[in-house]
Amino acid sequence: RFISSGERKWQRASGLVMLLPHGYEGQGPEHSSARIERFLQLCASENIQVCVPSTPSQIFHLLRRQAIRKMRTPLVVISPKSLLRNPEAVSSLEDLYNGSFSCVIDDDSDKKKVNKVIMCSGKVFYDLNKKKKENNIKDIALIRIEQLYPFPYDDLEEILTKYENVQEFVWCQEEPLKQGARLSHRHRIQRDIERIDTSKKLKQKIEKLLQKLGIQYSKFSIIQKTKEEFNKRVNNSDVFVKGSLKALSYRLRSVEKKM
């Protein structure tokens, strides 16, 4: 409680840094999960920082930023131990003395060939990147979100706008479905995607709505296909309950206002 609300309740600013081991690597329960989801649930009004650095230079610049910046808020660093031994997790001297902490790290793939973007954080990036290289995959980009809170909306949007031909956005994590950053960050990532193109939606957001309305779910544009179903149900109103019709109509209006 003191870490998350010390400044708001008692006007006590703190530059505390917590280095918490996290990673499903078979080193025991106390090293497997730092409970990222619990720290993210405590986040509000930029009261703390939660970061998952994936390279030595990122850790260096993160700690340096915490030491010299005027804003004093606690820093939670999620640090998988396996990255200490991973030969891919390296940085050059130039990255150390010329670089800075990046809230979001872009992929070096050819942007025009990419049709799928996978966003992740932490050591799972190296597992995905290994498979990507082994299978010589060129149409998938791996984007690392290194700072989970405060969420870097502008940095992520700047990177996503470079991928003009992308058709699918995916969030990947090694934690179970109800753990990790998924629950608290799904709407934040969706917000950035909607800034780019409102027709590109995360699948699960509309799937639940369509299932409630009795419409079979498949990959389609939320505006055009939902309108087709709407018109079809209106013409055949005897099989479409009044409440569901009103809910779908409201959904279409709310989506169109954002466009």
Side-chain angles (χ1 to χ4, degrees), residues 1-23 28-81 83-84 91 95-105 119-125 143-160 171 173-195:
R1 182 181 297 178
F2 179 79
I3 293 173
S4 63
S5 57
E7 184 175 5
R8 180 59 62 90
K9 285 188 174 182
W10 300 288
Q11 290 75 48
R12 301 289 295 179
S14 172
L16 174 70
V17 177
M18 292 179 286
L19 302 173
L20 304 180
H22 177 87
E30 71 276 12
H31 294 282
S32 296
S33 178
R35 297 299 177 186
I36 301 177
E37 63 279 359
R38 294 183 182 179
F39 285 104
L40 293 176
Q41 288 171 358
L42 295 173
C43 294
S45 302
E46 299 186 359
N47 57 336
I48 61 176
Q49 307 166 78
V50 181
C51 298
V52 192
S54 59
T55 64
S57 63
Q58 283 286 91
I59 296 176
F60 171 76
H61 290 298
L62 177 62
L63 297 178
R64 179 177 178 273
R65 184 186 73 171
Q66 180 71 0
I68 65 176
R69 76 190 315 184
K70 294 182 179 180
M71 184 181 72
R72 310 301 295 166
T73 55
L75 171 62
V76 181
V77 181
I78 307 300
S79 49
K81 287 189 172 182
L83 295 188
L84 296 173
S91 299
D95 294 333
L96 292 173
Y97 63 76
N98 276 339
S100 61
F101 180 74
S102 300
C103 296
V104 184
I105 300 179
M119 289 166 279
C120 61
S121 63
K123 76 178 189 67
V124 71
F125 162 78
I143 296 178
R144 285 171 279 178
I145 301 178
E146 302 277 286
Q147 179 173 291
L148 295 177
Y149 192 85
F151 192 79
Y153 290 103
D154 295 336
D155 294 345
L156 181 59
E157 181 184 0
E158 182 181 354
I159 290 177
L160 292 180
W171 169 259
Q173 64 180 33
E174 61 175 342
E175 297 87 2
L177 187 65
K178 294 185 178 181
Q179 297 180 20
R182 176 187 174 273
L183 290 178
S184 61
H185 278 56
R186 185 165 173 263
H187 68 284
R188 294 187 170 103
I189 296 174
Q190 180 65 40
R191 177 179 169 183
D192 263 343
I193 295 174
E194 289 177 349
R195 283 182 179 181

query = Any side-chain heavy atom of I145 within less than 4.5 Å of one from F151?
reply = yes
ask   = When you look at CZ of R38, are more than 12 heavy atoms from neighbouring residues, nucleotides or ligands closer to it than 6.0 Å?
value = no
key: L148 side chain reached by I78 side chain, heavy atoms, under 4.5 Å   = no
message = With a sphere of 6.0 Å drawn around CG of L20, does it hold more than 12 non-hydrogen atoms of other residues, nucleotides or ligands?
response = yes
key: Over 12 foreign heavy atoms within 6.0 Å of CZ, R72   = yes
message = Quick one: does any side-chain atom of H61 pair with a main-chain N or O of S102 as donor and acceptor, under 3.5 Å?
response = no
remark   = Rounding to 0.5 Å, atoms CZ (R144) and CZ (F125) come to a distance of 3.5 Å
request  = State whether the side chain of T55 and the backbone N or O of Q58 hold a donor-acceptor pair below 3.5 Å, judged by distance alone.
outcome  = yes
inquiry  = For the backbone of P74 and the side chain of Q66, can you confirm whether one donor and one acceptor N or O come within less than 3.5 Å of each other?
reply    = no
ask   = Going by heavy atoms in the side chains, are R186 and W171 under 4.5 Å from each other?
value = no
key: Salt bridge E174-K123, side-chain N to carboxylate O under 4.0 Å   = yes
query = With no hydrogens and no angle check, is any side-chain donor or acceptor of E7 less than 3.5 Å from a backbone partner on R12?
reply = no
key: Expected output: side-chain Q147 to main-chain P150 donor-acceptor under 3.5 Å   = yes
query = Are R64 and F101 in a cation-pi setup, meaning NZ or CZ lies under 6.0 angstrom from the ring centre and within 45 degrees of the ring axis?
reply = no
